[in-house]
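As structure tokens, the structure follows; a few thoughts come after it.
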Amino acid sequence: MPSTKKENQVTNLDAVVIGAGFSGLYMLYRLREAGLSTRAYEAAGGVGGVWYWNRYPGARCDSESIYYNYTFSEELYKEWSWTSRYPEQPEILRYLNFVADKFDLRKDIQFQTRIQSAHYDESSNRWNIRTEDGESISATYFITGVGCISTANIPNMKGLDNFKGDWYHTGHWPHEKVDFTGKRVGIIGTGSSGVQAIPVIAKEAAHLTVFQRTPQYTVPARNHPHTKEYIQQAKENFHEIKKTIRASLGGLPTPPSDRSALEDSPEVRQQVFEEAWKEGGPAILFSYADLLTNEDANETVSVFIRSKIREIVEDPETAEKLSPTYYYGTKRAIIDTDYFETYNRPNVSLVDVKKAPIQEITAQGIRTADAEYELDVIVFATGYDGMTGSLFKMDIRGKDDVSLKDKWENGSATSTYLGIATAGFPNMFMITGPESPSVLGNMPVAIEQHVEWVMDCIQYLRKHDIAAIEANADAEQAWSKHCRELADTTLYTKTESWYTGANIAGKARGFQIYVGGYGPYRDHCTEIAAKGYEGFSFITTANTVV
């Protein structure tokens, strides 16, 4: 690990990368391979990004393993073998450590270091960056790989400091095992992390009380170990897999359906849904073309999943509490292992906190409007401040000393060009930033596309002696408008979710994701680059804007 604080010195670099997860590792690799002096800064004690922190029970990926990895290196792809269809957190973390070791990336990563500020200096066309430890860095390029869902949302609940037991957040789980044996455990939240953790904790705890605000549609993962033959076949098909997932809508090889759910008879549709349910994973979401755009079509799949909940959950009242009424797929499409089955256990109870809100955390547990629940452990599965949260944790300032937080009006006016750049912040690149496809698919595929586009752009700048590149305000406005118009053709904007910021108290609502799909987005970005980076302005080495 490089040395830490350097008093009264400025470290001069070509590029600074924030984060050492999937984004940061690949960006660091590409910059270093191109000969740029580069350092990545990571708050954690090791590589992995969200997979370093998310060690909660049951944590696993919801994209299939053979697609949830880098494809930039055929050698890397063939050297690593996944053990199951949906890998657990420890295996994903081992994979990212394997990548870091293979390419000797750690020597250019400074761990346990948070970036406090990054200010653009117009006179030098460089970024002045400062760590919380007081180290100063000057860099031409400032690149954020902080992740879309990496800033934990710990609700400001009255009385939490008074609680005599232990409490944890799924996004900041201890490295050592948390033993729930014989404990009365309460878990707040039933998003993806809650759905994964609840079945595992229930098997250990004396009693588990689930505090649910909004029920979830979730479908079986149908996880299973991979055979050697399957893995070998995937490795032999590397080039085809890479080509297919990069051109796909969501970074997965499943071809989109061209049929409406309303075209089939109820009997045929039921059969289609049943087969998708048996296959598990995201199959049911891909079963028809209009499940996310047509309210009536969406209702057919929503009714089907609600019927499955009633089949699985033995107590009718509990089944009713667990049955969502919003549009399926407009919150994160969750997959699970024995989630609904867990509510048939005698040591699990469900509390509807929309009906009886949590009033406070007491010394003994949680008090709602209806009752007090004595607990030994509280688990917050309350998600993340998505899309902008991690960016706003740093004091990022562009031209004229304007902060990113102020420019975006604390998230109510977030605007970018391609989700990669934003006007007024030259030479700042965001990997899977707001208004890119980002979380609506298999993230490593989106990450690779962004990293490669950014790297190509930097090489273009250096080749043509261009000191800085900046998104044009009109191009940014047009892109933001395009993103909103696309989103409004779907049902996403009709549901409150972390996609829209609804999980964060006081956060402005908005859908900051490009819904047009990975493949079409890739083509659009490629076309912009081919046109000499249309929609961007250049600052020459003589400080002339062209």
Side-chain angles (χ1 to χ4, degrees), residues 53-59 151-216 313 315 317-322 324 339-340 342-386 389 496-498 501-507:
W53 300 107
N54 289 7
R55 299 164 183 260
Y56 61 85
T151 297
N153 169 37
I154 301 175
N156 183 22
M157 288 193 171
K158 179 183 175 183
L160 181 58
D161 291 342
N162 299 325
F163 181 57
K164 292 181 178 179
D166 297 320
W167 66 268
Y168 308 94
H169 190 284
T170 50
H172 285 284
W173 204 259
H175 287 212
E176 65 277 4
K177 175 178 167 52
V178 177
D179 187 3
F180 295 106
T181 306
K183 303 285 182 67
R184 299 165 299 175
V185 182
I187 184 167
I188 301 172
T190 54
S192 181
S193 57
V195 165
Q196 290 182 335
I198 285 165
V200 180
I201 295 174
K203 291 176 182 177
E204 283 189 23
H207 192 88
L208 176 64
T209 305
V210 178
F211 296 87
Q212 171 192 271
R213 183 176 66 175
T214 305
Q216 296 286 345
V313 181
D315 176 54
E317 185 179 340
T318 303
E320 184 62 28
K321 286 182 184 177
L322 289 167
Y339 176 67
F340 293 120
T342 297
Y343 291 95
N344 295 328
R345 297 178 62 97
N347 70 326
V348 176
S349 55
L350 179 65
V351 177
D352 181 354
V353 295
K354 191 164 274 187
K355 182 178 179 183
I358 294 173
Q359 302 284 305
E360 65 176 327
I361 309 293
T362 67
Q364 286 74 38
I366 294 176
R367 183 168 64 82
T368 71
D370 285 351
E372 183 167 350
Y373 300 85
E374 293 190 357
L375 303 168
D376 302 305
V377 180
I378 298 174
V379 175
F380 290 95
T382 46
Y384 306 87
D385 186 353
E496 289 199 338
S497 67
W498 72 254
N503 63 319
I504 305 297
K507 186 170 182 176

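Using a 30° and 60° split on the angle between ring planes, W173 and Y168 fall in the tilted class, from 30° to 60°.
Residue D166 holds its CG atom at 11.0 Å from CG of D179, rounded to the nearest 0.5 Å. Once rounded to the nearest 0.5 Å, the distance linking CD of E317 with CG of D352 reads 10.0 Å. Distance CG/L322 to CD/E320: 9.5 Å, rounded to 0.5 Å. The distance from atom CD1 of I358 to atom CD1 of I366, rounded to the nearest 0.5 Å, is 5.0 Å. In this structure, R367 CZ and Q359 CD are separated by 5.5 Å, a value rounded to the nearest 0.5 Å. A distance of 5.5 Å separates CG of L375 from CZ of F163, quoted to the nearest 0.5 Å.
A 4.5 Å side-chain heavy-atom check between I378 and F211 finds every atom pair outside the cut-off. Considering only heavy atoms from C-beta on, I188 stays 4.5 Å or farther from V353 through its side chain. Residues V313 and N344 meet the side-chain proximity criterion, which asks for heavy atoms closer than 4.5 Å. Within the 4.5 Å cutoff, side-chain heavy atoms of V379 are placed close to those of F180. Taking 4.5 Å as the limit, every side-chain heavy atom of Y343 sits out of range of all side-chain heavy atoms of K321.
Contact between G58 and Q196 at its shortest, heavy atoms only, is O-CB, 3.5 Å. Between T170 and S193, the shortest heavy-atom contact is OG1-OG, 3.3 Å. Nearest heavy-atom pair across I187 and G194 is CD1-CA, 4.2 Å. Contact detail for A197 and Y56: the closest heavy-atom pair is CB-CD1, 4.1 Å. Between S349 and H207 the shortest heavy-atom distance is OG-NE2, 2.9 Å. Closest non-hydrogen pair, T368 versus V351, comes out as CG2-CG1, 4.4 Å.
With sequence neighbours excluded, the residues satisfying salt bridge (charged side-chain N to carboxylate O under 4.0 Å, His left out) with D376 are R184. Evaluation of the salt bridge (charged side-chain N to carboxylate O under 4.0 Å, His left out) rule for K177 yields E204 as partners, not counting sequence neighbours. For the side chain to side chain donor-acceptor pair (under 3.5 Å) test, residues two or more places apart in sequence or in another chain that qualify with T362 are E372.
No donor-acceptor distance shorter than 3.5 angstrom exists from the side chain of Q212 to the backbone of T190, with no hydrogens or angles considered.
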N162 vs I361, test: side chain to side chain contact (heavy atoms under 4.5 Å, CB included). Steps then yes/no.
CA-CA 7 Å; N162 299 325; I361 309 293; over 6 Å; no
